Amino acid sequence: DAGVIQSPRHEVTEMGQEVTLRCKPISGHDYLFWYRQTMMRGLELLIYFNNNVPIDDSGMPEDRFSAKMPNASFSTLKIQPSEPRDSAVYFCASSLYSNTEAFFGQGTRLTVV
Amino acid sequence: DAKTTQPPSMDCAEGRAANLPCNHSTISGNEYVYWYRQIHSQGPQYIIHGLKNNETNEMASLIITEDRKSSTLILPHATLRDTAVYYCIVSYAGGTSYGKLTFGQGTILTVHP
């Protein structure tokens, strides 16, 4: 397996534009997580899914953020409209069970100007 | 989830053992101790986890005190490639209630020649 695959690796967009980040988890993994990393706040869990169902989205900063998992092999994190303070590295991770290791993707570096 | 306390930074000579401490005095009986690391610009990487017994894998050893209030991650023969931020995380991982992996500031381990 190629691991967790995220796209794009880098995204630069203008304030107010819609941004969509994509993630392909490891095949067979039941859990998928979206994290955000900034210098100020470190790594924050935004939302996680179990069997494609969102379980906990308490970390989603505001209504501008939304995440979907239409099937077991694909998830998106959308920001609409984007703001400069959304600039961060966004990581997707997946795990087989709840008490096993989580595998992280390489991240998407988002810059909103 | 219980809070963890780690030293902000540590140094280690190449080839020597690196011992990274973590305090988690408020850990509850059903919470696991996880260790992850993040090498610059990469996604976090799982190292090891345990409940109450000491654990060892090909990467490291995890020593958990009998009262479970602290633990030590041991990298037996540190190399330059082990330079990274090391995160100690305490999380419940039972059943369908996945405990969030809440990342703190971690310990910056620098391995020098």
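None of these values were measured; they are calculated from a predicted model. Here is how names work: the chains are called A, B, and so on, in the same order as the sequence lines, proteins then strands, and each is numbered from 1.
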Please flag which part of A:Leu45 lies under 4.5 Å from any non-hydrogen atom of chain B: side chain, backbone, both or neither. side chain
In this structure, is the centre-to-centre distance between the rings of A:Phe33 and A:Phe49 below 6.0 Å? no
Toward chain B, the part of A:Asp30 with a non-hydrogen atom under 4.5 Å: neither
Name every donor-acceptor pair, under 3.5 Å, that has one atom in a side chain of residues 3-21 of chain A and the other anywhere in the protein, sequence neighbours excluded.
unit_1 : atom_1 : unit_2   : atom_2 : d
A:Gln6 : OE1    : A:Cys92  : N      : 2.9
A:Gln6 : OE1    : A:Gly107 : N      : 3.0
A:Gln6 : NE2    : A:Tyr90  : O      : 2.9
A:Arg9 : NE     : A:Gly107 : O      : 3.3

Taking it one step at a time, do B:Tyr46 and B:Tyr36 satisfy ring pair (Phe, Tyr, Trp, His ring centres under 6.0 Å)? CA-CA 4 Å; B:Tyr46 166 86; B:Tyr36 281 76; 5.6 Å; yes
Donor-acceptor contacts under 3.5 Å from residues 5-20 of chain B side chains, at least two apart:
unit_1 : atom_1 : unit_2   : atom_2 : d
B:Gln6 : OE1    : B:Cys88  : N      : 2.9
B:Gln6 : NE2    : B:Tyr86  : O      : 2.9
B:Gln6 : NE2    : B:Thr107 : OG1    : 3.4

If you count heavy-atom pairs under 4.5 Å between each of B:Gln105, B:Gln38, B:Gln45 and chain A, which one has the most? B:Gln38
